[in-house]
Amino acid sequence: MLDIKMIRQNVDEVKEQLGNRGVKPEIIEEIVAKDRKRRDIIVQTETLKKQRNDVSQAIAQLKRNKENADAQIEEMKKVGDAIKAFDEELNGLDEEVTDMASRLPNMPNKTIPVGPDEDSNVELRKVGTPRTFDFEPKAHWEIGEKLDILDFERGAKVAGSRFLYYKGWGARLERALYNFMLDEHAADGYTEIIPPYVVNDESMYGTGQFPKFKADVFQIENENLTLIPTAEVPLTNYYRDEVIPEEKLPVYFTALSPSFRSEAGSAGRDTRGLIRLHQFNKVEMVKYTKPEDSYAELEKMTNDAGRIMEKLGLPYHVITLSTGDMGFSAAMTHDLEVWLPAQDMYREISSCSNTETFQARRAHIQYRDDNGKLQFVHTLNGSGLAVGRTLAAVLENYQNEDGSVTVPEVLRPYMGGLDVIK
RNA sequence: GGAGAGUUGGCAGAGUGGUAAUGCACCGGACUCGAAAUCCGGCGAACGCUGUAAUGGCGCGCGCAGGUUCAAAUCCUGUACUCUCCUCCA
């Protein structure tokens, strides 16, 4: 959520910056106009309320003296009606302004590339060299089905398309990966969390999924509960409506959770394999920081995600998303993309973002600065990593010509010492 | 799922129709060589509107949302959460 005061005072800058994210300037103008009207009404209604308070005191005094107050009471009936009318109009406007403002994306950091879509993203660095194959590398779903460790058909039968069964060494490999990731993050100072996998609407609002992106999630019918699309939601809402003691900052959380996404609007894209599912495991990292530290913490978090791939021996690159490609809540995002040999391209496996105060404002997460003043924290989130996509990358990058898959060195302790899945 | 109790400032805790006591904590001052104790004063929180050269003014505010009333912490309705008992259960 952007600060309405900030919008009011920087109309042109907001128009320009959000214009880079595809927001029409008329929307900003409408918000500002409604806000102007809203404040006019506040002045009027508060003047009347002051009058009501004063006269009510006088009425109380008269009654105590056993004097007649009928005239004043009659007068206040009219004032009360007027207040009610103003308040109703005010509530309507409040709702409109808040609703419109809550649908505005975050202001992008000024250093990130401006552009309409992913073509304007900028590569920061490449890490590792894609292996050269002396045979045609197979797609991970082929490898997985052949080894009988991934079963998409039965997933579709029992749940639907974009669901699957992991089986045998496939299930074990998934478990090895996320245990490895959690152990690494714990060593880097993240506190491990097992969060709720469903959350209420307030939480979805707090991190920015609601109200705009309800179509992207699964909700429990007749309940105020949504299956989490990412552990970012419960991890960031942990401190919702709280003041974090300053000495606790920065806070580092990590959690493994399933992520549930309806994938509305992605029909026909990535229909095979582990890339785009309705349910997938993800290890998430979340940080709460002081404003002055957040960008350094974003770099650290990005490196924490990258190091997982380095230890797994997976080639990847890091890109900075352009204004047009960034997620709703982010001020800056680094994506990490892993090399998938069968697709002959890098695919997103992690996304690390600094939302600055955008989520903190929505979720009311604050701390007290040195002057004792309440300030919004900065919140960051990043995948470390998407487990299913990591498993896909392991299968493809570590496949052998005979269809077997070599187990990356660092995972063998998690796989009972197994070195090849065949 | 059923029954009951509760929710007030950082904490404790009064207040059943007239606009939020009090204590602790906190801040300033006095006393003291200094501190403690004591005394005096202040502050109670966020948020919103407004505004001065500036201290400010006002609204709001008693879990949340409505309602009744000239006036609501107080009465009514709904709802969330916590605790206790019953029921159920891994």
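Worth knowing before you read on, the calculation uses all heavy atoms, side chains too, and leaves out hydrogens, waters and symmetry mates. All chains are named by letter (A, B, ...) in the order of the sequence lines, taking the proteins before the strands, and each is independently numbered beginning at 1.
- Ring pair A:Tyr239/A:Tyr288 is perpendicular by interplanar angle, where above 60° counts as perpendicular and below 30° as parallel.
- Remark: P of B:A65 and CD of A:Glu202 are 12 Å apart, rounded to the nearest angstrom.
- Spacing of C1' atoms, B:A5 relative to B:G10, comes out at 26 Å, to the nearest Å.
- Between A:Lys300 and A:Asp304 there is no salt bridge, since none of the side-chain N atoms of the basic residue sits less than 4.0 Å from a carboxylate O of the acidic one.
- Regarding contacts with the backbone of B:A65, every side-chain N or O of A:Asn91 stays at 4.0 angstrom or more from both OP1 and OP2.
- At a threshold of 4.0 Å, the pair A:Glu246-A:Lys290 counts as salt-bridged, since one of the basic side-chain nitrogens sits closer than that to a carboxylate oxygen.
- Here B:A65 presents its P atom at 12 Å from CG of A:Asp94, a figure rounded to the nearest Å.
- Here the separation of B:A65 from B:A12, taken at their P atoms, is 23 Å to the nearest Å.
- Atom pair A:Asp70:CG and B:A71:P shows a separation of 15 Å (rounding to whole Å applied).
- Crowding of A:Lys146 atom NZ: a count of heavy atoms from other residues, nucleotides or ligands under 6.0 Å not exceeding 12.
- The shortest side-chain heavy-atom distance between A:Leu104 and A:Ile28 falls under the 4.5 Å cut-off.
- Listed candidates were B:U68, B:C70, B:C60. Nearest to the side chain of A:Lys84 is B:U68.
- If you find the closest nucleotide of RNA chain B to A:Met76 and to A:Arg64, the one lying nearer the 5' end belongs to A:Arg64.
- Put simply, CZ on A:Arg240 is 15 Å from P on B:A80, counting in whole angstrom units.
- Atom NZ of A:Lys78 is separated from atom P of B:U69 by 17 Å (rounded to the nearest Å).
- B:A71 and B:G15 are spaced 26 Å apart, taking the P atom of each and rounding to whole Å.
- With C1' as the reference atom, B:A21 and B:C62 are 14 Å apart, rounded to whole Å.
- Contact between the side-chain N/O atoms of A:Asn53 and the OP1/OP2 oxygens of B:A71 is not found at any separation under 4.0 Å.
- Interface residues of residues 242-251 of chain A facing RNA chain B, ordered by number: none; criterion, heavy-atom separation under 4.0 Å.
- Stem analysis of RNA chain B (at least three stacked-register Watson-Crick or G-U pairs, each with both distances under 3.5 Å) gives B:1-7 with B:80-86, B:10-12 with B:22-24, B:26-30 with B:38-42, B:47-50 with B:56-59, B:63-67 with B:75-79.
- For the pair A:Glu396 and A:Lys138, the salt-bridge criterion is not met [side-chain N within less than 4.0 Å of a carboxylate O].
- If you measure from atom CD of A:Gln61 to atom C1' of B:U19, you get 13 Å, rounded to the nearest angstrom.
- Salt bridge annotation for A:Arg38-A:Asp94: present, with a cationic side-chain nitrogen under 4.0 angstrom from a carboxylate oxygen.
- Using C1' as the reference atom, B:A14 and B:A73 are 12 Å apart when rounded to the nearest Å.
- Between A:Glu263 and the choices A:Arg162, A:Arg269, A:Arg276, the salt bridge (charged side-chain N to carboxylate O under 4.0 Å, His left out) rule is met once, by A:Arg276.
- Phosphate contact (OP1/OP2 of B:U19, side-chain N/O of A:Gln57, threshold under 4.0 Å): present.
- Ring geometry, A:His278 versus A:Phe163: the interplanar angle falls from 30° to 60°, so the pair is classed tilted.
- B:G42 and B:U52: their P atoms are spaced 29 Å apart (whole Å).
- A salt bridge is defined here as a Lys NZ or Arg NE, NH1 or NH2 lying under 4.0 Å from an Asp or Glu carboxylate O, and A:Lys287 with A:Glu297 meets this definition.
- Proximity of the aromatic rings of A:Tyr190 and A:Tyr252 is defined here by a centroid distance below 6.0 angstrom, and this criterion is met.
- The phosphate of B:G59 has neither OP1 nor OP2 within less than 4.0 Å of any side-chain N or O from A:Lys50.
- Annotation: B:G44 and B:U22 have their P atoms spaced 13 Å apart (nearest Å).
- Comparing B:C27 with B:C81, their C1' atoms are spaced 34 Å from each other, to the whole Å.
- Spacing between atom CG of A:Asp201 and atom C1' of B:U79 amounts to 15 Å, rounded to whole angstrom units.
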Return the polar atom pairs (N/O with N/O) between nucleotides 45-52 of chain B and the protein under 3.5 Å, or none.
| unit_1 | atom_1 | unit_2 | atom_2 | d |
| --- | --- | --- | --- | --- |
| B:G48 | N2 | A:Glu46 | OE1 | 3.0 |
| B:G48 | N2 | A:Glu46 | OE2 | 3.3 |
| B:C49 | OP1 | A:Arg8 | NH2 | 2.9 |
| B:U50 | OP1 | A:Arg39 | NH1 | 3.2 |

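- Exactly one of A:Glu95, A:Glu29, A:Glu96 qualifies for a salt bridge (charged side-chain N to carboxylate O under 4.0 Å, His left out) with A:Lys34. That residue is A:Glu96.
- Counting to the nearest Å, the P atom of B:C58 and the CZ atom of A:Arg52 are 16 Å from each other.
- Side chain to side chain, A:Glu232 and A:Gln359 meet the donor-acceptor criterion of an N or O pair below 3.5 Å.
- Closest approach to the A:Lys49 side chain among B:C70, B:G18, B:G59 is made by B:G59 (side chain taken as heavy atoms from C-beta onward).
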